[in-house]
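Taking it in order: structure first as structure tokens, then the write-up.
Only heavy atoms go into these numbers, but all of them, side chains included; no hydrogens, no water, no symmetry mates. Order of the sequence lines fixes the chain letters, A, B, ..., with proteins taken first and strands second; residue numbering starts at 1 for each chain.
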Amino acid sequence: MAYPFSEIEERWQKYWQGHKVFNVGPEPGRKKYYLLEMFPYPSGKIHMGHVRNYTIADAYTRYKWMRGYNVMHPMGFDAFGQPAENAAIKNKTKPDIWTHKCIEWMKKELCRMGFSYDWDRELSTCESGYYRWNQWIFLKMFEKGLAYKKGSDVNWCPSCETTLANEEVVNGGCWRCGTQVEQKDLEQWFLKITAYKERLLDDLKELNDWPRRVIAMQNNWIGKSEGVDIYFRLKDSDKGISVFTTRADTIFGATYIVLAPEHPFIKDMIRGRPQEKEALNFIDKVSRQNKAVRSSEDVKKEGVFTGCYCVNPVNNEIIPIWIADYVLMEYGTGAIMAVPTHDQRDFLFAKEHKLPMKVVISPEGRDTISAAKISEAYEGDGIQVNSGQFNGLPNQEAKAKIAAWMEEKGIGKIQTRWRLRDWLISRQRYWGTPIPIIYCDKCGIVPVPYDDLPVELPKDAPFTGEGGSPLSKVKEFVDVPCPECNAPARRETDTMATFFDSSWYFLRFCSPSFDKGPFDEREAAYWMPVDQYIGGIEHAILHLLYSRFFTKFFNDLGMISFKEPFRKLLTQGMVLKDGEVMSKSRGNIVDPDSIIRKCGADTLRLYILFAAPPETEMEWSERGIEGAFRFLNRVWRLADNVKGNKGERSAALEKKTHSVIKEATQDIEGFKFNTAIAQIMELVNEIYQNLDSDITEAVHTVVRLISPFTPHLAEEMWLRLGNKESILSSPWPEYEEKMLEDKVITIIVQVNGKLRFKINASSGISTEKLKELALADERMAPWIKERQVRNIIVVPGKLVNIVV
RNA sequence: GCCGGGAUGGCGAAAUUGGCAAACGCACGGGACUUAAAAUCCCGCGGCCGCAAGGCCUUGUGGGUUCAAUUCCCUCUCCCGGCACCA
């Protein structure tokens with residue numbers, strides 16, 4: 001008979017909530033611990049990804065709790081966003097009503113998992129009590145020149161009918177729906193995240209407890225590259241073209257330069273030349289080409305000669321100027337110097353168009369390589385040749401010297417280029433935070449005064465999903481007097497990207513109902529930074545980069561003293577079914593609710609922690625669930641075995657108990673829940689082997705060790721074992737080192753590094769004695785009979801290795 | 001191409017500093033209990049040879065360092081993720 005999990009789980013969930021067990025406040029003298037998982041979008045149902053994320057967090061919360069920490073573990077909802085609009089259209093309701101209903105459902109599901117949240121801190125980003133502080137932060141940024149409006153080519157998702165940030169474009173598609181992103185020239189609001197680029201990059205070095213790949217991804221995204229801008233004067237003109245290069249050491253080998261077809265200089269430069277028509281045709285052709293096609297690898301690089309020449313500033317050689325589609329206007333200066341001998345793309349282009357080549361770096365250090373003979377560019381390191389006064393230097397050394405020399409002579413400038421662009425935050429959607437800006441014909445762009453916040457989002461908007469900002473159709477919202485001159489003016493009708501909301505919610509949790517600012521600085525000083533953050537890898541750049549940016553901004557305002565929001569980060573792996581991500585479209589979803597009904601939340605929690613380490617992907621297995629359930633029943637039955645147990649103490653069981661405490665505790669501390677659970681299983685097995693002995697202490701230990709994973713079962717068993725209080729108020733079990741010591745130890749005997757047999761010896765045995773013992777063993781005889789012992793290695797307490 | 005991660009039984013996985021490869025679980029096989037089944041409890045379970053004792057092989061590939069390598073170094077292959085006509 002299975003244990004009565006549903007009755008137990010219901011009872012303890014009521015207890016934890018009724019007694020507000022996990023509600024906390026600052027307590028001087030007690031170590032704080034702020035544990036946070038990425039808050040969910042309220043879609044109504046939780047999925048296995050949520051279950052995994054929150055179970056990992058909950059197990060750790062309960063563990064830290066029992067270790068005596070003052071643990072803050074809040075939960076809230078990232079409640080603005082497009083799905084609410086889509087659902088509202090589909091179900092003929094309002095996003096507001098739909099969202100609140102979803103939050104209710106979701107909360108219920110979270111409670112049914114037995115998660116340990118401080119629900120008094122619950123927040124939802126769609127409440128004006130929250131988003132008014134989005135507006136406040138926006139205004140502060142506006143004041144500091146960090147929020148600005150500009151017209152430019154921006155990413156546009158035709159399906160979502162809104163603009164997107166660069167970070168929201170994944171492989172050329174919209175991160176949400178996958179639709180190919182288009183470019184549109186629009187006036188939009190941006191946040192100047194680039195003002196923080198150096199700090200966002202440098203401080204990555206301090207994040208030692210973040211996964212390496214997240215650091216690597218942010219590094220790539222910020223994309224610092226150091227090089228030189230070199231100025232090439234046009235022949236017979238005082239104008240010139242700047243090119244950017246990271247290979248200043250190859251400048252003496254530059255035999256032509258290439259401009260991007262969009263380069264603004266071209267039209268003036270080629271006017272009236274015989275090549276003009278051909279060049280304009282080429283530019284026109286490229287401009288009509290799809291960007292993805294143009295950048296694909298198998299498309300042949302094309303180009304035309306402009307008829308113009310410029311001067312290589314280091315050796316005054318006259319070199320031709322070309323236009324080619326493989327040079328991009330968006331990167332560097334939109335112009336490159338071509339060194340066909342040391343860059344493969346330049347090499348192929350030069351071959352095709354019969355352009356000259358010159359070797360300037362030689363792996364052998366001698367000027368013996370003929371440019372005419374090489375079959376590919378040499379991109380490695382070597383010694384400078386054909387490079388004037390720099391001949392003979394290793395190229396890496398020459399790179400710095402040439403750059404400095406060019407800068408001194410005024411023909412180049414050392415430059416750092418970044419990939420990171422400012423963050424576009426305007427969205428042409430309804431369900432988001434209104435941007436607190438008013439447009440006045442006389443006064444221009446006017447910020448809403450702080451006292452007028454919040455700018456409330458109208459509950460009703462005729463949003464139809466047919467394009468255009470829905471708020472622009474709400475007359476009462478749009479028409480407003482100018483705060484400065486009182487003349488009729490118009491409100492901004494775009495809303496903020498929802499990533500704005502989630503960029504600082506971890507601070508709001510410290511004082512969720514504070515009404516004098518986004519957060520109470522004293523509370524934040526106590527709780528922040530987040531000690532452990534847990535969430536999905538999909539936010540490696542987006543949310544985690546933005547949150548770091550906001551934190552640095554608050555630091556600049558003097559509101560907080562730390563620079564990084566999340567001390568430790570754990571990115572949990574995905575839950576797969578048949579090798580694929582669970583998703584509605586694939587139809588391979590396993591509903592957590594069905595598992596809870598069948599086996600209980602504890603079984604689900606245990607299984608999901610046991611199946612794989614938290615960071616790796618895990619494959620869903622129905623058999624695994626059954627195994628976890630079987631194990632919990634096995635644990636449950638132990639309580640009956642304890643009753644009336646009158647056996648003697650068992651040394652073996654006691655030793656196992658203490659070693660399991662030690663190992664399991666270490667494992668939990670390092671989030672290795674799978675092996676921690678394996679340890680507990682071993683102890684349970686050991687108890688079953690010793691049912692005739694006194695098992696009381698061992699069973700108590702099992703219940704306490706397993707309580708972070710299966711809290712309902714543990715609480716119930718704890719009472720049944722005769723304890724009066726919740727297991728949460730019992731301390732974490734401690735082990736005694738002396739219980740782990742053996743009087744008799746097993747020594748491994750190897751011959752030539754391979755295990756041959758084992759011998760027992762007393763723990764204090766000397767090295768010499770051990771050697772003798774091993775050599776004297778009858779099982780050693782065949783090995784040393786006809787061979788000579790060359791060496792004997794002894795690792796005290798562990799092994800003897802005889803080398804013959 | 002650059003950066004980061006990875007490859008261990010039929011499967012999920014484990015292995016302190018280099019020191020018993022495969023803990024724990026799943027699946028599978030056998031036994032006990034039962035009229036029977038389920039449940040439960042116990043035993044076995046990398047491959048090859050052997051009646052057995054035991055031996056040989058085995059952590060993606062090839063090499064190296066070492067008394068000893070899943071672990072350290074080098075080479076290559078494949079897989080996952082990020083960036084990229086990035087100059």
By the 4.0 Å heavy-atom rule, please label A/Q750 as base, sugar-phosphate, or nothing. base

NZ/NE/NH1/NH2 to OD/OE distance under 4.0 Å, A/K285 and A/E302: yes

Within the structure shown, what part of the strands sits under 4.0 Å from A/W636 by heavy-atom distance: base, sugar-phosphate, or nothing? nothing

A/R623 side chain near B/A27 phosphate (N/O to OP1/OP2, under 4.0 Å): yes

Over 60° means perpendicular and under 30° means parallel, so tell me whether A/Y546 and A/W423 are parallel, tilted or perpendicular. parallel

Is a side-chain donor or acceptor of A/Q750 paired with a backbone partner of A/R756 at a separation under 3.5 angstrom? no

Pair assignment for B/G50, Watson-Crick or G-U wobble, requiring both distances under 3.5 Å: none

Do the ring planes of A/W175 and A/F499 sit parallel (below 30°), tilted (30 to 60°) or perpendicular (above 60°)? tilted

Can you check whether A/R634 has a side-chain N or O nearer than 4.0 Å to OP1 or OP2 of B/C24? no

Is A/R756 close enough to B/A68 that one of its side-chain N or O atoms is under 4.0 Å from OP1 or OP2 there? no

Starting at the 5' end of RNA chain B, which residue's closest nucleotide do you reach first, A/N674 or A/K758? A/N674

Options B/A15, B/C85, B/A27, nucleotide nearest the side-chain atoms of A/K672: B/A15

Look at the aromatic rings of A/F349 and A/W322 and report parallel, tilted or perpendicular, splitting at 30° and 60°. perpendicular

On RNA chain B, does the nearest nucleotide to A/A612 precede the nearest nucleotide to A/F244 from the 5' side, or the other way round? Give the residue. A/A612

For a quick check of understanding: with a heavy-atom distance under 4.0 Å over all strands, which category does A/V327 fall into, base, sugar-phosphate or nothing? base

Minimum-distance nucleotide (side-chain atoms of A/E682 versus B/G82, B/A87, B/C24): B/C24

Less than 4.0 angstrom between a side-chain N/O of A/N685 and OP1 or OP2 of B/G25, yes or no? yes

Hey, does A/N801 reach any base, or is it just sugar-phosphate, or nothing, if we go heavy atoms under 4.0 Å? base

Side-chain donor or acceptor of A/K798 under 3.5 Å from a matching atom on the base of B/C20? no

B/A27 phosphate, OP1 or OP2, under 4.0 Å from A/R630 side-chain N/O: yes

Expressed in angstrom and rounded to an integer, what is the separation of A/E778 atom CD from B/A53 atom P? 15 Å

Just by distance, do the side chain of A/N690 and the backbone of A/S693 share a donor-acceptor pair under 3.5 Å? no

Between the base of B/C83 and the side chain of A/N220, is there a donor and acceptor pair under 3.5 angstrom? no

Across the strands shown, which category fits A/G624 at heavy-atom distances under 4.0 angstrom: base, sugar-phosphate, nothing? nothing

Using only side-chain N and O atoms of A/K754, determine if any of them is under 4.0 Å from OP1 or OP2 of B/C57. yes

Answer for the Watson-Crick or wobble partner of B/C2, both distances under 3.5 Å, is B/G82

Counting any heavy atom closer than 4.0 Å, what does A/R779 reach on the DNA or RNA strands: base, sugar-phosphate only, or nothing? nothing

Complementary nucleotide of B/A7, counting Watson-Crick and G-U pairs under 3.5 Å: B/U77

How would you label the contact of A/Y688 with the nucleic acid (heavy atoms, under 4.0 Å): base, sugar-phosphate, or nothing? sugar-phosphate

For B/A38, which nucleotide is its Watson-Crick or G-U wobble mate, given both distances must be under 3.5 Å? none

When you measure from the side chain of A/R212, which nucleotide among B/C42, B/G4, B/A87 comes out closest? B/G4

Contact class for A/A216 (heavy atom, under 4.0 Å): base, sugar-phosphate, or nothing? sugar-phosphate

Report the base-pairing partner of B/U66 (Watson-Crick or G-U wobble, both distances below 3.5 angstrom), or none. none

